[in-house]
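Data block below; observations after.
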Amino acid sequence: MTGEAKGQKTFILGLGAQKTGTSWLYNYLASSGTVATHVIKEYHVWDALCIPGLGGLVVKEEDSETNFESRIRFFLQQSPENYFSYFAYMMHQQGKLATCDITPLYSGLDRKVLTLIREGFAQRGIATKAVFLMRDPVERCWSSARMDSRNTAGHTAVNDDEVLEHAMSRLSVLRTRYDTTVTETEAALAPSQVHFGIYEEMFEPANIAKLSVFCRVSTRQGYSTRKSNVSEVTTPISEFVYRRIAAHYREVYDFAARRFPQTTELWPGFRYL
């Protein structure tokens with residue numbers, strides 16, 4: 001918090017990655033009593049408008065009256081000014097000094113979009129901070145495949161072929177190329193404006209305290225046990241599939257080993273390279 005004014009308003013941008021504890025992060029911030037939130041965790045504004053291939057997330061006018069979330073997203077997607085004004089107003093209305101948008105697909109945003117977000121809030125006297133959480137690439141893809149199966153088929157049992165196909169998909173690559181996300185984020189935000197966390201160690205007391213200081217919320221160690229949106233493991237994947245996925249994301253593992261060396265002990269995928 002060094003150099004931050006006492007009354008500085010802050011926008012916390014959750015960059016993902018999916019299945020790395022982002023739901024826990026949102027609930028932790030929302031329950032802090034000092035972060036202005038609404039009923040929406042994932043606003044899907046910048047991914048819908050700025051990431052190629054995600055146009056399906058854009059809310060059409062004829063669909064904007066379907067439900068409250070659609071109305072809000074439609075409004076925010078119309079103009080960057082709407083987005084900045086919405087969060088500024090929410091802080092003012094709720095009397096809070098911070099607010100957040102935790103949308104995991106924002107991991108695919110490039111430096112130009114991240115700079116636009118930072119500058120847009122800066123013009124309103126609001127500082128931008130980003131949180132990016134990472135998890136073993138194979139474990140993240142496997143967990144994501146189980147979640148997709150639960151949402152579409154009602155169960156979390158996925159076989160080797162399904163996990164492999166999921167892990168190799170364009171969306172999985174977008175969500176798992178941590179090296180790209182870190183590089184783009186650091187090109188747009190100063191080191192003091194970014195918090196990088198590792199899922200496998202993020203619930204340790206020291207790391208909860210570090211995250212809390214960064215987000216300027218009270219530290220609540222007891223919250224570490226309240227994990228959200230966990231996908232049950234019912235069917236293990238084979239060593240062959242584990243090796244295939246790990247090899248596919250070798251560049252991510254190599255980057256993590258250099259930048260976050262603790263991952264070499266925390267991420268099981270390293271054993272399969």
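Hydrogens, waters and symmetry mates play no part in the numbers below; they use all other heavy atoms, side chains included. What you see is a predicted model, and the numbers here were worked out from it, not measured in a lab.
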With [X] via side-chain hydrogen bond (donor to acceptor under 3.5 Å, both in side chains) - residues at least two apart:
X    : result
E81  : R124
S172 : S169
R140 : Q18, T176
S70  : N67

Practice task
Mind telling me whether Y89 and H92 have parallel, tilted or perpendicular rings, with 30° and 60° as the class edges?
Solution key: tilted
Which residues share a side-chain contact (heavy atoms from CB on, under 4.5 Å) with [X], sequence neighbours left out:
X    : result
Q221 : P205, I208, A209, T219
T152 : none
T181 : S107, F132, T185

Exercise for the section: Please identify each residue that fulfils ring-ring contact (aromatic ring centres under 6.0 Å, His included) with H38, with sequence neighbours left out. Expected result: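 If we apply the ring-ring contact (aromatic ring centres under 6.0 Å, His included) test to H38, skipping adjacent residues, the hits are F68.
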Problem - Partner of Y86 under side chain to side chain contact (heavy atoms under 4.5 Å, CB included), chosen from L76, T99, D101 - result: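 Testing each of L76, T99, D101 against Y86, the sole residue satisfying side chain to side chain contact (heavy atoms under 4.5 Å, CB included) is L76.
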Exercise for the section: Could you check C215, S23, S212 and say which one makes a side chain to side chain contact (heavy atoms under 4.5 Å, CB included) with Y28? Expected result: S212
Please report the closest heavy-atom contact between [X] and [Y], naming both atoms and the distance.
X    : Y    : value
S64  : E61  : OG-O, 2.7 Å
A188 : T115 : CB-OG1, 3.4 Å
Y178 : A17  : CE2-CB, 3.9 Å
V173 : H248 : CG2-NE2, 3.9 Å
I126 : M91  : CD1-CE, 3.5 Å

Practice task
Output, in order, the C-alpha distance, side-chain angles, deciding distance and verdict of side-chain hydrogen bond (donor to acceptor under 3.5 Å, both in side chains) for R220 and S31.
Solution key: CA-CA 10 Å; R220 286 157 293 142; S31 63; 2.8 Å; yes
How far does [atom1] of [X] sit from [atom2] of [Y], to the nearest 0.5 angstrom?
X    : Y    : atom1 : atom2 : value
I198 : T20  : CD1   : OG1   : 9.5 Å
I102 : I40  : CD1   : CD1   : 13.5 Å
T103 : Y26  : OG1   : OH    : 10.5 Å
R118 : Q123 : CZ    : CD    : 10.5 Å
L13  : L109 : CG    : CG    : 7.0 Å
S144 : H166 : OG    : NE2   : 3.0 Å

Exercise for the section: Run through the side-chain heavy atoms of Ile, Leu, Val, Met, Phe, Trp and Tyr, join any pair under 4.5 Å, and report what else lands in V59's cluster. Expected result: F74
Practice task
Give the cluster check for L97 versus V213: same hydrophobic cluster or not, with ILVMFWY residues linked at side-chain heavy-atom distances below 4.5 Å.
Solution key: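 Different clusters.
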Sub-4.5 Å side-chain heavy-atom contact between [X] and [Y]:
X    : Y    : result
R175 : K19  : no
T37  : C100 : yes
L171 : L105 : yes
K60  : D63  : yes
E162 : S149 : no
L29  : V217 : yes

Practice task
Just grab all the side chain to side chain donor-acceptor pair (under 3.5 Å) pairs involving residues 238-247, residues at least two apart or on different chains.
Solution key: E139-Y242, D160-S238, E239-R243
Problem - Check against salt bridge (Lys or Arg N to Asp or Glu O under 4.0 Å), D110 and K112 - result: CA-CA 6 Å; D110 63 26; K112 291 182 180 179; over 6 Å; no
Practice task
Compute whether any side-chain donor of one residue and acceptor of the other, for D136 and Y253, lie under 3.5 angstrom apart.
Solution key: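 Checked: D136/Y253 side chains pair up, N/O donor to acceptor below 3.5 Å.
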Practice task
Taking the six-membered ring of F214 (Phe, Tyr or Trp), confirm whether the NZ or CZ of K129 is under 6.0 Å from its centre and within 45° of its axis.
Solution key: yes
When the side chains of residues 46-57 are checked against the rest of the protein, which donor-acceptor pairs come out under 3.5 Å, sequence neighbours left out?
| residue | atom | partner | partner atom | Å |
| --- | --- | --- | --- | --- |
| D47 | OD1 | V45 | N | 3.3 |
| D47 | OD2 | H44 | ND1 | 2.6 |

With a cut-off of 6.0 Å (strictly less than), are more than 12 heavy atoms of other residues, nucleotides or ligands near [atom1] of [X]?
X    : atom1 : answer
E251 : CD    : no
E165 : CD    : no
Q93  : CD    : yes
K96  : NZ    : yes

Practice task
Take E186 and R111 through the test salt bridge (Lys or Arg N to Asp or Glu O under 4.0 Å) and record every step on the way to the result.
Solution key: CA-CA 8 Å; E186 291 185 323; R111 64 189 68 188; over 6 Å; no
Problem - Steps toward side-chain contact (heavy atoms from CB on, under 4.5 Å) verdict (W24, Y223) - result: CA-CA 9 Å; W24 180 92; Y223 212 87; 3.4 Å; yes
Practice task
Look only at the side chain of D179 and the backbone of V252, and say whether a donor-acceptor pair between them is shorter than 3.5 Å.
Solution key: no
Exercise for the section: Assess whether side-chain contact (heavy atoms from CB on, under 4.5 Å) is satisfied between V138 and Y249, documenting all intermediate values. Expected result: CA-CA 8 Å; V138 179; Y249 291 104; 6.0 Å; no
Practice task
Tell me, with the steps shown, if K41 and T22 meet side-chain hydrogen bond (donor to acceptor under 3.5 Å, both in side chains).
Solution key: CA-CA 9 Å; K41 170 205 167 198; T22 59; 3.2 Å; yes
Problem - Check: Y83 ring centroid to F87 ring centroid under 6.0 Å - result: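 Ring-ring flag for Y83/F87: true, centres closer than 6.0 Å.
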Problem - side-chain contact (heavy atoms from CB on, under 4.5 Å) evaluation trace for Y106 with L114 - result: CA-CA 9 Å; Y106 287 171; L114 295 172; over 6 Å; no
Exercise for the section: Please test Y199 against L133 for side-chain contact (heavy atoms from CB on, under 4.5 Å), starting from the C-alpha separation and ending with a verdict. Expected result: CA-CA 6 Å; Y199 174 80; L133 306 175; 5.8 Å; no
Taking only distance into account, with no hydrogens and no angle test, what donor-acceptor pairs under 3.5 Å do side-chain atoms of residues 264-273 form with protein atoms, sequence neighbours excluded?
| residue | atom | partner | partner atom | Å |
| --- | --- | --- | --- | --- |
| T264 | OG1 | P261 | O | 2.8 |
| W267 | NE1 | E200 | OE1 | 2.9 |

